[in-house]
Protein chains: 2
Amino acid sequence: MDHLKALDIYRTHIEKYIVLNDEEWTVFKDHLSIRTLKKKQNFAEPGLVCNEVGFIILGSVRYYNVREGEEITGYFSFENEFVSSYKSFLTRQPALNYIQALEPTIFVTFSQKSMQLMLAPPLLAYKIERFGRLIAEYYLCCYEDRMTAFITKTPEERYLDLLSTGRDVLQRIPQHYIAHFLGITPVSLSRIRRKILVSPL
Amino acid sequence: MDHLKALDIYRTHIEKYIVLNDEEWTVFKDHLSIRTLKKKQNFAEPGLVCNEVGFIILGSVRYYNVREGEEITGYFSFENEFVSSYKSFLTRQPALNYIQALEPTIFVTFSQKSMQLMLAPPLLAYKIERFGRLIAEYYLCCYEDRMTAFITKTPEERYLDLLSTGRDVLQRIPQHYIAHFLGITPVSLSRIRRKILVSPL
DNA sequence: CCAATTTCTTATCTTTTGTTAACGTTTTGA
DNA sequence: TCAAAACGTTAACAAAAGATAAGAAATTGG
């Protein structure tokens with residue numbers, strides 16, 4: 001995967017948010033970097049401000065917190081999704097969570113500083129405001145769905161939802177990560193799976 | 001509470017997001033409405049697109065879903081907070097939840113249509129893009145905190161957090177609403193409260 | 001002011017979930 | 001390739017939470 005190819009993919013995907021002409025893209029592109037992580041390396045970690053918003057070209061990450069020595073996985077992201085400890089990025093407060101590569105992962109990233117520069121009025125400001133708005137809205141919709149599921153559904157239902165909509169998530173991710181993502185323990189998820197196997201639906 | 005007073009309060013509060021000069025305010029103001037709800041009336045409901053973003057001048061609301069005939073309260077908002085079924089507002093898909101006034105409540109609102117009009121390039125567009133970005137970011141930070149608490153904390157800890165940071169929430173809201181907000185049943189919350197009373201800290 | 005409703009607590013019983021540990025399988029990395 | 005580590009399942013027990021019901025207290029709405 002060479003850099004130009006990665007940037008092309010990025011440009012194509014953000015066209016859902018903002019369409020840049022060649023002049024704008026030239027400026028924007030200079031604010032983008034390629035970042036690669038090996039498996040288990042961190043994109044973000046607690047105590048450090050997350051200064052970047054990434055976009056996964058290839059690979060995947062998990063978001064997790066450490067509580068009483070245990071890792072609790074809260075979320076995953078895959079190809080063509082944005083990745084950031086976004087509250088930290090926005091507020092410049094230290095992050096509370098790790099973001100860790102689950103496999104060798106290639107990102108296109110821009111920094112908080114670049115965001116500020118591009119928001120300063122010359123060429124791109126207007127479109128970057130929109131870009132920032134749409135990224136925030138994208139995250140917000142994810143969170144709203146997830147929060148609603150937690151309030152109104154049982155762990156078993158959330159697992160079944162994941163089964164039906166979950167693309168290849170369940171194949172690519174260790175099951176005990178999925179368990180925490182669902183808000184339960186790995187043992188409990190194993191029980192739910194057996195129950196479903198025995199009496200499917 | 002007369003309308004001019006309410007609009008003044010609104011203008012003051014949104015200055016955290018965008019500062020409008022008098023000309024801009026004049027235009028913006030024409031897109032604002034005052035909406036009042038009696039106790040138990042709905043700001044939004046399932047099946048209908050939520051076409052407004054409100055801001056509470058006086059009063060409070062709860063967000064809730066209905067599941068198997070039971071109302072499950074997921075969130076609250078009070079004075080000086082935005083109110084909307086925001087994903088519905090953004091996507092123009094029907095909302096999944098009710099938003100109900102907990103007491104007689106006064107809102108300043110703008111509509112989806114106004115948002116679109118103000119985003120169309122003449123005077124305000126740039127500032128409205130920013131406004132939209134900052135509202136989305138505001139919501140996103142709320143959601144991120146809440147989601148993290150759900151993944152990493154027990155119901156008892158979430159209740160203690162609410163006790164320490166909860167302003168007057170606990171005084172103003174029936175306890176069984178709080179219970180669902182914490183992700184547990186009212187009976188269970190009652191038990192947690194007793195446990196804390198018996199052995200505080 | 002008072003009856004009706006809502007709210008909170010408590011008790012009992014049931015179900016679900018967590019904890020710990022054991023065991024077999026799979027994956028990993030040197 | 002092979003030993004170590006990670007992973008998933010299962011069992012047994014403990015702890016937490018849900019369901020239901022009853023009763024007291026508080027609030028509400030005529």
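Proteins come first, then strands; the chains are lettered A, B, ... in the order of their sequence lines, and each starts at number 1. Owing to the predicted nature of the structure, the values given are computational and were not obtained by experimental measurement.
Minimum atom distance to the side chain of A:S190 is reached by D:dT9, of the listed D:dA11, D:dT9, C:dT12. For B:P155, the side-chain atoms get nearest to D:dA17 when compared with the rest of D:dG18, D:dA17, C:dT28. Considering only the side chain of A:V187, C:dT20 comes nearest among D:dT28, D:dG18, C:dT20.
Residue B:T185 has a polar side-chain atom (N or O) positioned under 4.0 Å from OP1 or OP2 of D:dG18. For C:dT9, the OP1/OP2 oxygens have a side-chain nitrogen or oxygen of B:Q175 closer than 4.0 Å.
Taking the ring centroids of B:F82 and B:F89, they lie at or beyond the 6.0 Å cut-off.
With hydrogens and angles ignored, a donor-acceptor pair under 3.5 angstrom links the side chain of A:R191 to the base of C:dG18. Side chain A:R194 to base D:dG8: no donor-acceptor pair is found below 3.5 Å.
One end of the helix from C:dC1-D:dG30 to C:dA30-D:dT1 points its axis 70° away from the other end's axis, with each axis taken from 5 pairs and the angle rounded to 10°.
For the pair A:Y98 and A:E71, the minimum side-chain heavy-atom distance is 4.5 Å or more.
Between the side chains of A:R62 and A:T73, a donor-acceptor pair is found at a separation under 3.5 Å.
Among B:T12, B:I9, B:I57, the one residue that satisfies the side chain to side chain contact (heavy atoms under 4.5 Å, CB included) test with B:N80 is B:I9.
Using a 4.0 Å heavy-atom cutoff across all strands shown, A:R193 reaches sugar-phosphate atoms only and no base atom.
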